[in-house]
Amino acid sequence: MTFGKSSDKMKFINIHIPKCAGTTFTSILRANFKESFLDGRSVLSDRTFKYSASQVSEILSQFPNCQCLSDHKLSLRLPWDSQNLKVIAFVRNPVERFLSHYYYCRKQSETCFDLEAKQLDLEQYTEEVLFRNPKQDLKNGQCYHLFGREGEFDFGFLKRLIEQNLLMLIPLERFKDACILLEKQYPEYFKDCSFVKMNTTRRNLRHTDNQKLNQKILSSMEKDKELYQLARESFNVRFDDSPWISEYPYLIEQFDYRCSNLIELSNRLTYKLRKRLSQKIFPSSRLSYFE
């Protein structure tokens, strides 16, 4: 297979694997690419699980100004032979991702897409969706979303993409480092990757610290475990070989400072919005309902 033959214009593809900080990263992409950012979910009405390579090619041809495309429906099934693509995908410790999915669904309404998570406790749910009636998007679900097909997990192809600098596979715990790397490596595209965490979910710590249950979950995730390990190893090499690595202590300090400023600004705007809302609801009160 040949890559990037007919188009010199670089396009970034974010494969948004669920429960891997995709909402937070999408906000970074939207802030940096602005009108050249495209969320594919609003583009095609096709109900297939993942876009085909031809569908992705169609999207990019219909939106020639798009420089960044992000979607749950994207996978490695991409038009590699006709586009100059740079692909970004975050992956997560398989146990952490499974728990995140469970507790996210627990807080949803009764119309939640995964009612079993609301109806069963964690031990029962683990047994049901990983062993008794395995769900494709949970048991080795990260591989399922990344490759776009059940069981067809071509790690040789994955490694070639990484080696050719076409795919940046990032372990979630290196999120900040990935943001710094993108700023340094592609400064014309990623001018500021500071962020505020979004779509986070509280957990039951008793369940989270249940090592026996965690090991049971992990035992069903052999392919996701391999994927996660590959992400850790490949990102370590890429990051440690960066020409600016000696500047890292200064860069992370400055990045944290920018994130803190953004969080403070976000909190201030949220407070003002809530205060205005409360004054509309209780116009006679001198105190804000939210104070």
Side-chain angles (χ1 to χ4, degrees), residues 4 9-39 66-71 74 76 84-93 96-97 100 142 146 158-159 161-200 227-269:
K9 188 177 181 181
M10 189 180 297
K11 295 182 185 294
F12 289 86
I13 300 291
N14 174 41
I15 299 176
H16 183 171
I17 299 174
K19 308 317 297 174
C20 292
T23 303
T24 300
F25 189 61
T26 297
S27 71
I28 293 172
L29 296 175
R30 186 174 284 110
N32 281 273
F33 287 90
K34 298 180 173 61
E35 64 275 2
S36 63
F37 172 78
L38 189 64
D39 186 335
C66 173
Q67 289 186 305
C68 182
L69 176 63
S70 176
D71 200 340
L74 290 166
L76 291 177
N84 184 8
L85 302 180
K86 294 290 184 182
V87 180
I88 302 169
F90 286 88
V91 297
R92 191 173 188 174
N93 178 302
E96 285 289 310
R97 179 178 180 268
S100 178
Q142 295 181 95
L146 186 63
L158 191 66
K159 290 175 182 178
L161 293 177
I162 294 172
E163 290 168 359
Q164 295 178 45
N165 197 28
L166 296 171
L167 169 65
M168 187 185 297
L169 193 63
I170 309 164
L172 186 56
E173 69 269 17
R174 301 293 298 276
F175 191 92
K176 286 185 180 181
D177 290 343
C179 290
I180 293 172
L181 180 61
L182 288 170
E183 288 181 353
K184 296 295 288 184
Q185 189 163 350
Y186 306 107
E188 68 274 32
Y189 298 101
F190 294 91
K191 293 179 172 61
D192 183 1
C193 291
S194 57
F195 64 92
V196 177
K197 283 185 179 181
M198 304 176 68
N199 202 23
T200 57
L227 176 68
Y228 175 61
Q229 186 60 31
L230 177 61
R232 296 179 70 184
E233 293 172 355
S234 63
F235 187 80
N236 283 344
V237 170
R238 182 168 189 157
F239 194 81
D240 293 344
D241 286 347
S242 300
W244 42 264
I245 193 65
S246 61
E247 304 173 43
Y248 178 74
Y250 170 77
L251 293 172
I252 190 64
E253 180 182 358
Q254 291 300 306
F255 187 80
D256 284 339
Y257 177 74
R258 283 188 278 139
C259 288
S260 297
N261 285 344
L262 191 61
I263 292 169
E264 183 180 347
L265 176 61
S266 176
N267 290 340
R268 194 182 309 136
L269 292 174

[Y] and [X], any side-chain heavy atoms less than 4.5 Å apart:
| X | Y | answer |
| --- | --- | --- |
| D256 | I252 | yes |
| I17 | F90 | no |
| I263 | K197 | no |
| L158 | L227 | yes |
| E96 | L172 | no |
| L181 | Y186 | no |

Scanning both residues in full, the closest heavy-atom pair of I162 with S234 reads CG2-CB, 3.8 Å
Indicate the atoms forming the closest heavy-atom contact of N32 with D192, along with that distance.
-> ND2-O, 2.8 Å
Residues in side-chain contact (heavy atoms from CB on, under 4.5 Å) with R30, at least two apart?
->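 With neighbours one apart ignored, the set is T26, F37, D39.
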Tell me, please, which residues at least two apart from C66 pass side-chain contact (heavy atoms from CB on, under 4.5 Å).
->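 C66 satisfies side-chain contact (heavy atoms from CB on, under 4.5 Å) with L38, L60, F63, L69 once adjacent residues are dropped.
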Which distance, rounded to the nearest 0.5 Å, do you find between the CZ of R92 and the CD of Q142?
-> 8.5 Å
Taking atom CG of L85 and atom CG of L167, what is their separation to the nearest 0.5 Å?
-> 11.0 Å
Hey, does the side chain of R238 reach the backbone of N165 with a donor-acceptor pair shorter than 3.5 angstrom?
->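 It does not hold such a pair.
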